[in-house]
There are 2 protein chains.
Amino acid sequence: MIAPSTYDALRDELASRHDELSKRLKQIAEYALDNPNDMALETVSEIAERAGVQPSSLIRFAKAFGYSGFSEMQKVFRSHLVENGSNYKERIRSLGRDDSCQSNSSSVVLDDFIDGGIAALNNLREVLNPEKLEQAVEALVDADVIYLTAQRRSFPIASYLSYALAQLDKRCVLIDGNGGMFFEQARSIRPGDVLLAISFKSYAAEVVQLVKETKSKDIPVVSISDGILSPLAQHSDVCLEVEEVEVHAFRSLSASMTLALTLVVALGRALDQAA
Amino acid sequence: MIAPSTYDALRDELASRHDELSKRLKQIAEYALDNPNDMALETVSEIAERAGVQPSSLIRFAKAFGYSGFSEMQKVFRSHLVENGSNYKERIRSLGRDDSCQSNSSSVVLDDFIDGGIAALNNLREVLNPEKLEQAVEALVDADVIYLTAQRRSFPIASYLSYALAQLDKRCVLIDGNGGMFFEQARSIRPGDVLLAISFKSYAAEVVQLVKETKSKDIPVVSISDGILSPLAQHSDVCLEVEEVEVHAFRSLSASMTLALTLVVALGRALDQAA
DNA sequence: ACACAAATGGAATATAAATTCTATAAAAGG
DNA sequence: CCTTTTATAGAATTTATATTCCATTTGTGT
């Protein structure tokens with residue numbers, strides 16, 4: 001039995017042998033994969049307690065993977081802690097330095113998007129008006145059926161909403177334009193329903209038109225869009241504004257997705273209270 | 001005398017009091033600033049030897065800065081090692097916990113999701129292996145057609161990928177199970193193509209099955225999932241791991257979406273270079 | 001349902017590490 | 001140059017931690 005000497009090798013071993021492990025050992029393997037930092041820094045008894053096992057199990061665990069004892073295995077986790085940290089710092093350094101175009105490594109791209117996503121989320125916190133959110137929830141609580149519509153880049157948000165609303169046992173119809181039947185799908189909307197439309201510039205023509213038509217029938221429209229000047233905002237009862245950050249010519253969806261999620265959870269609570 | 005409780009505070013203290021220190025303590029201060037990792041991970045006697053001093057000097061050193069002993073000072077160095085954003089687990093735990101119902105205002109819900117989303121993004125930065133990202137990009141660059149598959153909560157990610165890949169003029173097929181034709185849609189996949197599968201626990205059975213089948217045909221599989229123990233990871237050539245935060249019983253998609261976006265942009269660059 | 005093997009919990013033990021103590025050495029002050 | 005104070009080295013001690021061992025439980029095959 002030869003013990004893995006690198007963190008990655010150990011992870012692979014943990015995964016590939018996971019099935020053949022006994023109950024406790026499985027439990028430890030899962031804890032180790034979830035909390036590598038604990039494995040690196042904490043003492044045997046502390047880890048044992050957190051993972052809900054006996055200290056001796058940790059030693060048996062280490063031995064099952066070929067180490068002479070827990071301490072030897074811990075070294076592997078520790079080495080990773082050091083390597084990883086320096087990687088990260090180097091990336092940060094290179095990010096600040098050469099913002100020209102040398103940074104073509106994908107991991108630098110990742111850093112950019114992560115920073116962008118964080119910025120977008122912070123921005124969301126600042127600009128979103130809590131009253132509007134409440135208004136949107138109120139409108140949706142009373143809806144008989146929620147009609148969802150979005151196209152292109154925004155479509156995944158509507159798609160997610162359709163999944164999440166179903167979880168809440170809230171009836172909804174996703175107008176996805178499948179089979180070229182965008183307006184046909186929307187035709188069954190009627191008083192008592194609510195349209196929830198999502199679109200960002202450049203605004204999908206079908207969505208804008210549907211919003212206008214629905215509004216003119218006096219059916220409530222809630223929208224998620226990118227500012228008060230959006231054609232959706234003009235014709236909606238409530239418009240929740242999100243500003244997504246653009247990085248490398250692609251726009252993130254973090255903020256919009258988070259808003260969608262919030263809307264769903266807030267709606268879920270409101271529904272619970274109503275019942 | 002009050003002991004610095006953060007790494008940065010300690011560094012400042014070491015620097016500012018450097019002049020007034022005795023010979024040995026100076027020596028140790030310099031070693032500590034040069035080798036913070038050693039200070040965090042090694043034992044007193046090991047550090048003593050490397051720094052060329054006596055073990056007892058290290059204890060005096062720690063006490064000179066207000067700590068009860070060396071171990072207490074070491075905690076500060078250790079926390080720095082981990083603190084690259086990973087109070088993650090704890091922050092998330094605290095978010096999930098206060099479902100007491102006190103926080104019934106929607107804006108509190110929003111704040112929780114924003115915090116959760118930010119934490120998930122920071123975590124993504126730490127745990128994503130850059131090499132795996134490169135591998136994934138390489139596999140996708142060479143693909144004739146990219147087949148995308150995901151179900152339920154993950155579906156919006158595949159949906160977004162299908163939109164974004166089309167923008168890159170990369171051919172792709174979205175296996176969405178529309179019309180109950182999940183496996184029928186997948187039938188046309190063949191050597192030269194690549195399957196990109198996305199699923200989180202509890203893993204959609206169809207997606208898992210499709211991944212297995214595809215792999216057994218020797219067609220490359222790239223997956224996005226939630227850890228090395230995922231059935232997707234087991235049967236993929238490359239698995240990109242994302243840990244999503246669960247707040248209020250709903251899981252955010254910020255990190256997964258950001259990863260998807262990164263993959264697309266990195267792929268776009270790779271395609272440009274190839275041409 | 002029984003016997004056998006494997007796994008587990010928890011106390012007991014061994015090991016290693018941190019800390020204290022004291023004799024000695026270096027520095028400071030007169 | 002001697003005395004007093006402070007710092008240091010190294011051994012001794014204490015404390016913390018890892019590891020072993022064995023009785024008990026859990027699982028498995030007949």
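Since the model is a prediction, treat every value here as computed from it, not as a measurement. Reminder, nothing fancy here: chain letters follow the sequence lines and each chain counts from 1. Quick note: numbers below take in every heavy atom, side chains included, and nothing from hydrogens, waters or symmetry partners.
Where DNA chain D meets chain A (any atom under 4.0 Å from a heavy atom), the bounding nucleotides read 5' to 3' are dT17(D) to dT20(D).
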Applying salt bridge (Lys or Arg N to Asp or Glu O under 4.0 Å) to Glu243(B) and Arg251(B), what does each step give before you reach the verdict?
CA-CA 10 Å; Glu243(B) 223 173 314; Arg251(B) 224 163 286 170; over 6 Å; no

Stepwise, does the salt bridge (Lys or Arg N to Asp or Glu O under 4.0 Å) test hold for Asp34(A) with Arg50(A)?
CA-CA 12 Å; Asp34(A) 275 359; Arg50(A) 294 190 191 177; over 6 Å; no

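The two atoms that bring Val238(B) and Lys132(B) nearest to each other are CG1-O, 3.4 Å, heavy atoms only.
Taking the side-chain hydrogen bond (donor to acceptor under 3.5 Å, both in side chains) definition, one finds that Arg17(A) meets it with Glu20(A), sequence neighbours left out. With sequence neighbours left out, the side-chain hydrogen bond (donor to acceptor under 3.5 Å, both in side chains) criterion links Ser256(B) to Glu244(B). For Pro231(B), the side chain to side chain contact (heavy atoms under 4.5 Å, CB included) test picks out Tyr203(B), Val208(B), with sequence neighbours left out. For Asp176(B), the side-chain hydrogen bond (donor to acceptor under 3.5 Å, both in side chains) criterion is met by Gln185(B), not counting sequence neighbours.
dA16(C) atom C1' lies 14 Å from atom CD1 of Ile59(A), rounded to whole Å. The nearest whole Å value for the distance from the NZ atom in Lys75(A) to the P atom in dA16(C) is 11 Å. In this entry the distance linking OH of Tyr67(B) with P of dT19(C) reads 13 Å, nearest Å. Rounded to whole Å, the distance from CD on Glu49(B) to C1' on dA17(C) is 15 Å. Going from atom CZ of Phe61(B) over to atom P of dT19(C) covers 14 Å, rounded to whole Å.
Among the heavy atoms of the strands, none lies under 4.0 Å from Lys26(A).
Taking the six-membered ring where the residue is Trp, Tyr7(B) and Phe77(B) present perpendicular rings, their angle passing 60° and hence far from 30°.
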With sugar-phosphate taken as primed atoms, P, OP1 and OP2 and all else as base, the protein-contact string of nucleotides 6-13 of chain C at under 4.0 Å (heavy atoms; B, S, -) is -SBBB---

